[in-house]
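Take a look at the structure set out below.
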Amino acid sequence: MIEWDIKKLRILRTLAEQGTVTATAEALHMTPSAVSQQLTNLARTLGVPLLEAQGRRVRLTDAAHLVLRHAEAVFAQLERADAELTGYLAGEAGEVRIGAFSTAVPVLVVPAVAALRRSHPGVEVRVRETEAAESYELLSAGVVDLALSLAAHAPTARDPRFTRGTLLEDPLDVALPPDHPLAGAAELRLADLSGDPWIYGGSGPWSEITRNACEAAGFVPEQAHSASGWTAILAMVEAGMGVALVPRMVASRAAGVAVRDLPHDRPARHVIAALRRGSESAPAVAHALAALRAVAAARV
């Protein structure tokens, strides 16, 4: 009977995620030679080739993908065992590490932490602000236990590593300069702003969200300025340099600009909460997720 080595299987999974031996070594704080040696030993133990040379890189064989399909079930079961043991040992106590993108921290995470302090004072929460795109890497690596990201960054719901669900639908409002001719209009549609200069990021999902919303309204937005931070975007809008779509999580705290909702167009982004499959029964994680859901529900 084959002896399965969990440590080596984790290295193989990390290689599948990272793509190169060097990146895998960096992610696991190992040397590239140690990674290669561990995978060679795993292949020898299993009796199948796991890697194939592809130019100066390596690729996983079909056998390696087969092994990983079964390994994911093992990892999920180990997460469940760890969660149950943690609950047994700690009861209502425990630690949960939350990774969240910047706008979610003050609006969702901070109120949830405050609620947890009142309802479950034994749960210690550690918050890490992350880029939405990196949250799943941190989750998979075990750096965070609960990740908040945008649907545009989320892996497919069929990804066996994670349990995920929509936490909040965040409507998109439009920010206008305070002296904009339409700042006080009775009704406003995105198409009314087709001739205005627009401010949004030069690349990434937020750029796609803005363009897709405008194209659904029948026009291609003219990008006059590029910025990714909301402080910079709102400052430019206030100065009359253009208009911008902003999430309501941000718009609720905007000052110096005219913020209007778009009930006819109804653009929105979706905030996703994700955790490693099997860890949902860990008491600290379950309490934190429940608190986040309660805060999100209160915003609807």
Side-chain angles (χ1 to χ4, degrees), residues 100-105 107-108 129-137 147-157 159 164 166-183 185 187-274 296 299-300:
F101 58 98
S102 59
T103 55
V105 172
V107 177
L108 295 175
E129 182 181 331
T130 66
E131 294 292 334
E134 72 170 340
S135 58
Y136 287 90
E137 293 182 11
L148 269 58
S149 71
L150 299 177
H153 292 290
T156 171
D159 191 315
R164 45 164 281 184
T166 299
L167 189 65
L168 178 71
E169 181 180 280
D170 190 22
L172 305 181
D173 299 325
V174 64
L176 308 172
D179 59 352
H180 193 282
L182 297 177
E187 291 189 355
L188 187 63
R189 296 174 180 265
L190 269 178
D192 298 331
L193 303 170
S194 60
D196 282 73
W198 283 78
I199 304 166
Y200 55 91
S203 61
W206 191 248
S207 173
E208 295 175 14
I209 288 171
T210 297
R211 287 198 300 266
N212 290 343
C214 292
E215 288 172 7
F219 70 97
V220 176
E222 175 202 345
Q223 186 179 28
H225 307 283
S226 175
S228 57
W230 296 115
T231 300
I233 289 174
L234 292 172
M236 286 192 278
V237 172
E238 183 178 4
M241 297 167 64
V243 301
L245 281 179
V246 294
R248 192 158 296 171
M249 290 167 63
V250 174
S252 62
R253 296 177 287 115
V257 300
V259 177
R260 299 292 307 277
D261 65 353
L262 299 160
H264 299 287
D265 300 286
R266 299 184 60 81
R269 67 175 184 174
H270 294 84
V271 179
I272 301 295
R299 293 185 58 86
V300 176

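Computed from a prediction, not measured in an experiment: that's the story for all the values here.
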Smallest heavy-atom separation, Glu238 atom then Gly256 atom, equals CG-O, 3.1 Å
Whether the side chain of Glu134 engages the backbone of Glu131 through a donor-acceptor N/O pair (distance < 3.5 Å, no angle test) should be reported. yes
Closest non-hydrogen atom pair between Asp265 and Ala217, with its separation: OD1-CB, 3.9 Å
Let's go through Thr166 and Ile272 carefully: what are the C-alpha distance in whole Å and the side-chain angles of both, what is the deciding distance for side-chain contact (heavy atoms from CB on, under 4.5 Å) to 0.1 Å, and is it a yes or a no? CA-CA 5 Å; Thr166 299; Ile272 301 295; 3.7 Å; yes
Mind checking the CG-CG spacing from Leu193 to Leu262? Nearest 0.5 Å is all I need. 7.5 Å
Looking at residues at least two apart in the chain, or sitting in another chain, which of them share a side chain to side chain donor-acceptor pair (under 3.5 Å) with Glu169? His270
Atom CZ of Arg299 with >12 non-hydrogen neighbours under 6.0 angstrom: yes
Is there a donor-acceptor pair under 3.5 Å between the side chain of Arg260 and the backbone N or O of Leu182? yes
Sequence neighbours excluded, every pair satisfying ring pair (Phe, Tyr, Trp, His ring centres under 6.0 Å) that has a member inside residues 230-263: Trp206-Trp230
All side-chain contact (heavy atoms from CB on, under 4.5 Å) counterparts of Pro171, not counting sequence neighbours: Arg248
With side chains defined as the heavy atoms from C-beta onward, is the minimum distance between Val243 and Pro177 less than 4.5 Å? yes
Do Glu215 and Val220 have side chains that approach each other closer than 4.5 Å (heavy atoms only, starting at C-beta)? yes
CZ-CE distance between Phe101 and Met249, expressed to the nearest 0.5 angstrom: 4.5 Å
Distance from Phe219 atom CZ to Asp196 atom CG, nearest 0.5 Å? 8.5 Å
Any sub-3.5 Å donor-acceptor pair from Gln223's side-chain atoms to Gly201's backbone N or O? yes
For residues Ala244 and Ile233, report the shortest heavy-atom separation together with the two atoms involved. CB-CG2, 3.6 Å
Nearest 0.5 Å, what's the CE-OG1 distance between Met236 and Thr231? 10.5 Å
Taking all heavy atoms of Leu245 and all of Ala213, pick out the closest pair and write down the distance. CD1-CB, 3.8 Å
Output the distance between atom CE (Met241) and atom NE2 (His225), rounded to the nearest 0.5 Å. 3.5 Å
Please say which of Leu168, Thr130, Leu108 ends up in a side chain to side chain contact (heavy atoms under 4.5 Å, CB included) with Leu148. Leu108
Tell me every residue that passes salt bridge (charged side-chain N to carboxylate O under 4.0 Å, His left out) with Asp170, counting only those two or more places apart in sequence or in another chain. Arg269
Which residues share a side-chain contact (heavy atoms from CB on, under 4.5 Å) with Val259, sequence neighbours left out: Asp173, Ala251, Ala254, Val257
Could I get the full list of salt bridge (charged side-chain N to carboxylate O under 4.0 Å, His left out) partners for Asp261, not counting sequence neighbours? none
Between Tyr136 and Ala274, what is the shortest heavy-atom contact and its length? CE2-CB, 3.6 Å
Counting only N and O atoms by type, is there a donor-acceptor contact under 3.5 Å from the side chain of Thr210 to the main-chain atoms of Ser207? no
